[in-house]
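Note that the structure is a prediction, hence the values are computed from the model and not measured. Convention: sequence-line order gives letters A, B, ...; per-chain numbering from 1.
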Protein chains: 2
Amino acid sequence: MAIRETGGRGPIRGGRGAGRPTLEEVAARAGVGRGTVSRVVNGSPRVSESTRAAVEAAVAELGYVPNRAARALAANRTDAIALVVPEVEHRFFVEPYFSDILRGVGAALDDTDMQLLLTIVGNDRERGRLAHYLAGHRVDGVLVVSLRADDPLPDLLTGLGIPAVISGRRSADEPLPWVDADNVAGAREAVAHLVARGRRRIATITGALDVYGAQCRLDGYRAGLAEAGLPVDESLVVPGDFTEASGRAAMESLLTRDPLPDAVFVASDVMAAGARQVLRERGIRVPEDIAMVGFDDSAIARHMEPPLTSVRQPIEEMGRVMAQTLLTEIARPTLPVGIPRPPQPRLMLPTELVARSSS
Amino acid sequence: MAIRETGGRGPIRGGRGAGRPTLEEVAARAGVGRGTVSRVVNGSPRVSESTRAAVEAAVAELGYVPNRAARALAANRTDAIALVVPEVEHRFFVEPYFSDILRGVGAALDDTDMQLLLTIVGNDRERGRLAHYLAGHRVDGVLVVSLRADDPLPDLLTGLGIPAVISGRRSADEPLPWVDADNVAGAREAVAHLVARGRRRIATITGALDVYGAQCRLDGYRAGLAEAGLPVDESLVVPGDFTEASGRAAMESLLTRDPLPDAVFVASDVMAAGARQVLRERGIRVPEDIAMVGFDDSAIARHMEPPLTSVRQPIEEMGRVMAQTLLTEIARPTLPVGIPRPPQPRLMLPTELVARSSS
DNA sequence: AGGTACGGTGGGAGCGCTCCCACGAGTGAT
DNA sequence: ATCACTCGTGGGAGCGCTCCCACCGTACCT
């Protein structure tokens, strides 16, 4: 993943450091100058068709592969970007979110010569190391996933002038370029779906509300009820924190309401799994007594009993789009001071309701 | 992870490409020559104590960080190694094995300036890309985990002369440098443990036997029985393939034996979990009716009901040792042709039985 | 005919480092 | 005092690229 070659294929040469061909050698073979070969290899349009063909032939014959270090040195780039995960390592491997993002980023980078450095910063020591690393300008750009609102990393990046793209916003007016799923629309659609199924007393279990995305899902829930002409009963809004345990607790709380809700929109599949356990223990049927809709459409949703209707986020696509956006940012020439920068890219990706038998 | 700086700390300078200090500037500031600064930065002993101090002061004041591309170009290195995982991406994230290896490798690399490239090759297209990448000599060495016996990757690496270390052998006479857990001893210990608990009719569920480690565990099982003076009943040896489903199937098969086994050594925790489900469905008690021992000591073992006795492999340490071994290999000067190479490093790490209530 | 423009090209300069050779000062043997 | 080393040091050469400027030829103007 995240590795690719620009040059052509060719006979593999053995031995460590065994004279790999250089630009100069390719140029000699093709009977052209060094600059021309460079132009061909880098896809410049200012090369005649015949010259290009000759150079490409020479590249193929010699099995030329550009020397990345030389290129980086001369062009003052690094051809590497970092994917920063400000989470303890354990979570990185557990949450399917990250593997999907990684797959998308990898896919986007497969068509480039960029290297991807995976950087998991789980503690302050690793944070300090990352800061120093970034200060050393060893990557051309940074992708940040799962950023908390109070994280100092964005300020560091801005101060260093390193292009960055984050997944998920921290607030409505996120200053950094971002890629996010349309959480509001997703939640609204979930509610509309429950309404269409005849539910009228729809509760919600929210995520940690200091996460902007959780707030959006709550807003979408409210908007969905409003659109259906249903009142918002605040006693049916119960906070969770994205953990399974909080889903259990929230559902237990909801079961004290009278009358009981006939549906619940849960802001994550993991919390929905916790809530589901409580319902099973109490003998409450899903979806007959209470319908459920989750969020994330993770593997857990498919494996629940009954399978959980859930709002799918296009996570892999988010990864791909993040990477492409970052590449664009990096390619953009540095503007002279004084000229206002064009607006930051902001990309909201649509969600999709995946209906299963829990609703 | 896998990022580190050699140079000192210092004031962070803002702006993309904003004049980072160079060796030359540090030299001027310290009042010495370029070569001397290079020597200090690279820890050469041939520098006087006073000069060293002066240079280090200048490095700190300017916040000097070596330019990795320039260094790589001049020294004909890349300062990067690849961790190659010949597995579908999904498994990489699911198996705790990989995250532990990664953590160990990361830890070993934290004290160096090496970059780690994670390369998951799940299909032939990615294989081809990796081959081309390696042919381009873009890494100084390669770490391979989870290699299957028929994988052509090792030949490629040998042909290219790229140093490599693999985790787990492919056979008893693995030609590549390797780091492996002592699977035979671990299995033997598991059996001895069951014998000590009074069990006499001990079955085993094996892993996929084309994986050398699985074969070793089976050999250890046989050796353990032999040491206890117990006969090997081949009807109690049932093959699995490391999946949960195969564990279920194997246990169902074992339950047709008469008399039933009173214990089972399962070659992986995941298979043990499958086997456990079958026992629960049949109302067979663990450990009263059948004692169980697993292998890997993964999270799943701790979370089983009852918690599973398991053979722990020092996976994180294996990762660390692999990385250190590779670093040594890379540092070893290329020997002139004709002189026999020193023997390849072979490191067998001990396993440890973690007793819980399933036995 | 001369002038102008421009696409296409060659090659110098230089990126920041490592490697290595040369050189001076100090040390001890002759 | 001379020679032979050693140790510490300075700096030239060069790694393989990209960038850019100068140059050439052709096409199109006046």
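In the helix from dA1(C)-dT30(D) to dT30(C)-dA1(D), the rotation axis of the first five pairs and that of the last five pairs differ in direction by 50°, rounded to 10 degrees.
Taking Glu316(B) as the reference, Arg103(B) meet the salt bridge (charged side-chain N to carboxylate O under 4.0 Å, His left out) condition, with sequence neighbours excluded. Remark: Glu56(A) pairs with no residue by the salt bridge (charged side-chain N to carboxylate O under 4.0 Å, His left out) rule, at least two apart or across chains. Not counting sequence neighbours, the partners of Arg127(A) by the side chain to side chain donor-acceptor pair (under 3.5 Å) test are Asp151(A). Residues forming a side chain to side chain contact (heavy atoms under 4.5 Å, CB included) with Thr78(A) (at least two apart in sequence, or on another chain): Ala80(A), Asp140(A). Not counting sequence neighbours, Arg346(B) has no partner by the salt bridge (charged side-chain N to carboxylate O under 4.0 Å, His left out) test. Under the side chain to side chain donor-acceptor pair (under 3.5 Å) criterion, Gln324(A) pairs with no residue at all, not counting sequence neighbours.
For dG7(C), the OP1/OP2 oxygens have no side-chain nitrogen or oxygen of Ser48(A) closer than 4.0 Å.
Look at CZ on Arg52(A): it is 15 Å from P on dG7(C), rounded to the nearest Å.
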Donor-acceptor contacts, no H, no angles, side chain residues 30-41 of chain A, under 3.5 Å, sequence neighbours left out:
| unit_1 | atom_1 | unit_2 | atom_2 | d |
| --- | --- | --- | --- | --- |
| Ser38(A) | OG | Asn42(A) | ND2 | 3.4 |

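Taking the side chain as every heavy atom from C-beta outward, Val321(A) and Val165(A) never approach each other to under 4.5 Å.
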Per-nt protein contacts along nucleotides 13-28 of chain D (heavy atom under 4.0 Å; B base, S backbone sugar-phosphate only, - none) come out as BBBBBB-B--------

